[in-house]
Amino acid sequence: MSKPDYQATNLPLWDFLTILASEGVDFLLSGEEEKVPLSSFDYEKTTICLFFSANWCRPCQSFTPKLVQLYNMLRTMGKELEIVFISLDHDEDGFNAHFETMPWLTVPFDVNLHKKLRERFHVVRIPSLVPLNLDGQSIEEDLIGLIEDFGEDAFPFTKKRREELKAIDDSKRQGGKIDQLLAHPGRDYVVASDGGKVLVSKLIGKTVGLYFGAHWCPPCRAFTAQLVEAYNQLLSSRGDCFEVVLVSSDRDQKEFDVNISGMPWLALPFEDRTRQDLCRIFNIKAIPALVLIGPDGKPISTNGKKIITLYGAKAFPFTQSSIEEIEESLRKEGDSLPRQIQDIKHQHVLKLDMAKAYVCNYCERRGKFWAFSCDACDYDLHPTCVEEAS
């Protein structure tokens with residue numbers, strides 16, 4: 001969903017070293033309080049990032065564990081990466097409490113030095129991660145969002161790598177291969193509510209709805225009921241031509257299990273990063289959301305929620321032409337109905353109205369689209385329930 005707008009301006013590595021030298025600092029500190037000489041780095045091979053953060057900052061507390069995980073993973077993979085903590089804490093106690101959660105190096109605690117570095121690198125929000133290298137070239141934006149979106153795949157944090165990742169996303173979105181969207185080399189299946197596994201290859205050739213939702217979200221629970229109704233109607237009338245895959249935004253595995261237990265369709269495993277990847281690929285900023293993928297594996301609509309809410313199963317196969325057919329049919333139906341009627345069951349004149357959904361006050365069944373409604377009171381009538389006064 002939406003992320004904090006972190007921002008920093010990059011300057012060459014030598015500017016960082018010059019600032020340290022001007023303060024008489026020629027070393028960094030490790031977690032064991034050992035001094036690591038600045039001269040010991042291989043600046044030509046090592047990607048160095050400055051991490052501006054503070055113990056009092058909630059977004060910093062949230063992001064730091066993600067960065068630790070990324071750092072450890074990349075180091076395990078043999079990547080040449082070093083991170084240098086620049087504390088914006090108010091005192092040394094805060095600095096120490098924050099730094100003890102970090103496996104990388106730090107500039108010695110000095111409020112004046114840290115202020116100078118912050119001002120020199122134009123850091124206006126924290127956390128902020130600023131990449132450095134010899135030629136002064138790096139990506140044009142802060143790395144926080146890039147790492148949250150792509151994880152370890154973002155390394156080595158260059159503009160070229162960012163463009164490569166964007167091209168991969170574009171290819172997955174438009175490439176026409178549902179297996180590339182939903183599977184990866186380590187997982188070729190999705191899961192059912194009973195814990196069973198279904199091969200992603202079984203979805204090829206079907207219309208697939210990617211349902212972005214969460215159990216904690218009241219609008220999601222309301223839309224789930226509408227989607228279940230449309231899903232079951234299609235299953236009954238057309239067989240298994242349509243499938244839904246939950247892309248969960250639940251907060252933990254337990255919540256996910258409760259969520260999927262009430263759904264008749266499939267889901268991406270909760271622990272799988274593909275959930276975050278799909279949110280990024282389809283630019284999902286709010287839930288609930290439904291992305292509809294055609295039998296050819298290409299997107300039909302990113303506004304499936306509106307289609308289901310308005311038209312339900314009638315809209316299948318959810319193409320623009322099918323929507324236009326429904327709207328033309330509704331127009332003709334409306335043209336054939338009187339503009340107003342006097343029904344024997346109600347004292348007021350009822351006027352023809354278009355409603356997304358309503359409950360008929362006579363038969364008590366739900367209705368959509370055309371209704372005869374009362375301007376004076378909350379009364380709606382199905383066109384088929386009309387009994388006009390003679």
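Ring geometry, Y231 versus W265: the interplanar angle exceeds 60°, so the pair is classed perpendicular (tilted spans 30 to 60°). Between H346 and Y379, the two ring planes are parallel [angle under 30°; tilted spans 30° to 60°]. Ring geometry for W56 against H90 counts as parallel: the plane angle stays under 30°, on a 0 to 90° scale with 60° as the upper cut. Ring orientation note: the planes of F157 and F155 are nearly perpendicular, at an angle over 60° on the 30°/60° scale.
In this structure a side-chain-to-backbone donor-acceptor pair under 3.5 Å is present from R161 to D153. Proximity of a side-chain donor or acceptor of S171 to a complementary backbone N or O of I168 within less than 3.5 Å is not detected. Formation of a donor-acceptor pair under 3.5 Å by the S301 side chain with backbone atoms of N303 is found in this model. Under a 3.5 Å cut-off, the side chain of R280 and the backbone N or O of D149 do form a donor-acceptor pair. When atom types are taken as modelled, the side chain of D89 and the backbone of A54 share no donor-acceptor pair closer than 3.5 angstrom. Without hydrogens or angle criteria, T76 side chain to N72 main chain gives a donor-acceptor distance under 3.5 Å. Side-chain N or O atoms of T224 include one that pairs as donor or acceptor with a backbone N or O of C220 at under 3.5 Å. Not one N or O on the side chain of S329 forms a donor-acceptor pair closer than 3.5 Å with the backbone of E325. Between the side chain of S236 and the main chain of Q233, no donor-acceptor pair closer than 3.5 Å is present. Checked by atom type and distance alone, the side chain of Q226 never pairs as donor or acceptor with a backbone atom of I308 at under 3.5 Å.
Considering only heavy atoms from C-beta on, L143 comes within 4.5 Å of L146 through its side chain. Considering only heavy atoms from C-beta on, W370 comes within 4.5 Å of L352 through its side chain. You'll find the side chain of F109 stays beyond 4.5 Å of the side chain of F99, heavy atoms only. Considering only heavy atoms from C-beta on, P59 comes within 4.5 Å of P127 through its side chain. Here the side chains of F270 and D250 are in contact, with some heavy-atom distance below 4.5 Å. Contact annotation: the side chain of V244 never approaches that of L266 to less than 4.5 Å [non-hydrogen atoms, C-beta and beyond]. Within the 4.5 Å cutoff, no side-chain heavy atoms of M263 are placed close to those of S193. Residues L38 and L17 form a side-chain contact, since some pair of their non-hydrogen atoms from C-beta on lies under 4.5 Å apart.
In this structure, OH in Y358 is found 10.0 Å from CZ in F369, a value given to the nearest 0.5 Å. Between the NZ atom of K368 and the CG atom of L330 there is a distance of 10.5 Å, given to the nearest 0.5 Å. For the atom pair CG (L129) and CZ (F51), the distance works out to 7.0 Å, reported to the nearest 0.5 Å. Interatomic distance, F95 CZ to H114 NE2, rounded to the nearest 0.5 Å: 6.5 Å. Between the SG atom of C60 and the CG atom of N55 there is a distance of 9.0 Å, given to the nearest 0.5 Å. For the atom pair CG (D296) and CD1 (I178), the distance works out to 10.0 Å, reported to the nearest 0.5 Å.
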Audit row: L181, V200, side-chain contact (heavy atoms from CB on, under 4.5 Å) steps and yes/no: CA-CA 10 Å; L181 276 175; V200 173; over 6 Å; no

Stepwise side-chain hydrogen bond (donor to acceptor under 3.5 Å, both in side chains) test for Q253 and D257: CA-CA 6 Å; Q253 182 71 50; D257 292 340; 2.9 Å; yes

Evaluation steps, salt bridge (Lys or Arg N to Asp or Glu O under 4.0 Å), between E80 and R75: CA-CA 7 Å; E80 297 289 343; R75 298 274 291 203; over 6 Å; no

side-chain contact (heavy atoms from CB on, under 4.5 Å) assessment of L290 paired with L210: CA-CA 6 Å; L290 183 68; L210 302 180; 5.8 Å; no

Audit row: L268, L278, side-chain contact (heavy atoms from CB on, under 4.5 Å) steps and yes/no: CA-CA 11 Å; L268 288 172; L278 289 174; 3.5 Å; yes

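Using a 4.0 Å cut-off between charged side-chain N and carboxylate O, D170 and R173 make a salt bridge. Residues K159 and E164 are not paired through a salt bridge, judged by the lack of any N-O separation under 4.0 Å between the basic side chain and the carboxylate. Looking at K160 and E163, no side-chain N of the basic residue comes within less than 4.0 Å of a carboxylate O on the acidic one, giving no salt bridge.
Annotation: R331, atom CZ; neighbour count of heavy atoms from other residues, nucleotides and ligands within 6.0 Å is above 12. Counting non-hydrogen atoms of neighbouring residues, nucleotides and ligands closer than 6.0 angstrom, the CD atom of Q69 reaches no more than 12 such neighbours. Around atom NZ of K345, more than 12 heavy atoms belonging to other residues, nucleotides or ligands sit under 6.0 Å away. Applying the 6.0 Å contact sphere to CZ of R365 captures no more than 12 heavy atoms from other residues, nucleotides or ligands. Shown here is K206, whose NZ atom has more than 12 heavy atoms of other residues, nucleotides or ligands within 6.0 Å. Applying the 6.0 Å contact sphere to CZ of F41 captures more than 12 heavy atoms from other residues, nucleotides or ligands. Remark: D378 CG is loosely packed, at most 12 non-hydrogen atoms of other residues, nucleotides or ligands lying under 6.0 Å away. The environment of E364 atom CD is sparse: at most 12 non-hydrogen atoms of other residues, nucleotides or ligands sit within 6.0 angstrom.
In this structure, R238 fails the cation-pi test against F316, since its NZ or CZ atom is not both closer than 6.0 Å to the six-membered ring centre and inside 45 degrees of the ring normal.
Minimum heavy-atom separation, T319 to I300: CA-CG2, 3.9 Å. Of all heavy-atom pairs spanning R366 and H382, the tightest one is O-NE2, 3.5 Å. Considering all non-hydrogen atoms of both residues, F282 and I293 come closest at CZ-CD1, 4.1 Å. Nearest approach of I323 to A315, heavy atoms of both residues: CD1-CB, 3.7 Å. Among all heavy-atom pairs drawn from L292 and G304, the shortest one is CD1-CA, 3.7 Å. Closest of all the heavy-atom pairs between Q174 and P299 is OE1-CD, 4.1 Å.
Separation of the F52 and F85 ring centroids does not fall under the 6.0 Å cut-off. For Y311 and F318, the distance between ring centers is not under 6.0 angstrom.
With C374 as the fixed residue, the side-chain contact (heavy atoms from CB on, under 4.5 Å) test singles out one of L350, D353, D343: L350.
A donor-acceptor pair shorter than 3.5 Å can be found between the side chains of S53 and H98.
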Using distance only, find each side-chain donor-acceptor pair of residues 18-29 under 3.5 Å and give its atom names and separation, not counting sequence neighbours.
residue: T18; atom: OG1; partner: W14; partner atom: O; Å: 2.7
residue: S22; atom: OG; partner: I19; partner atom: O; Å: 2.6
residue: E23; atom: OE2; partner: K116; partner atom: NZ; Å: 2.6

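Sequence neighbours left out, not one pair with a member in residues 102-113 passes salt bridge (Lys or Arg N to Asp or Glu O under 4.0 Å). Pairs engaging residues 182-202 under the salt bridge (Lys or Arg N to Asp or Glu O under 4.0 Å) rule: R187-D272 [sequence neighbours left out].
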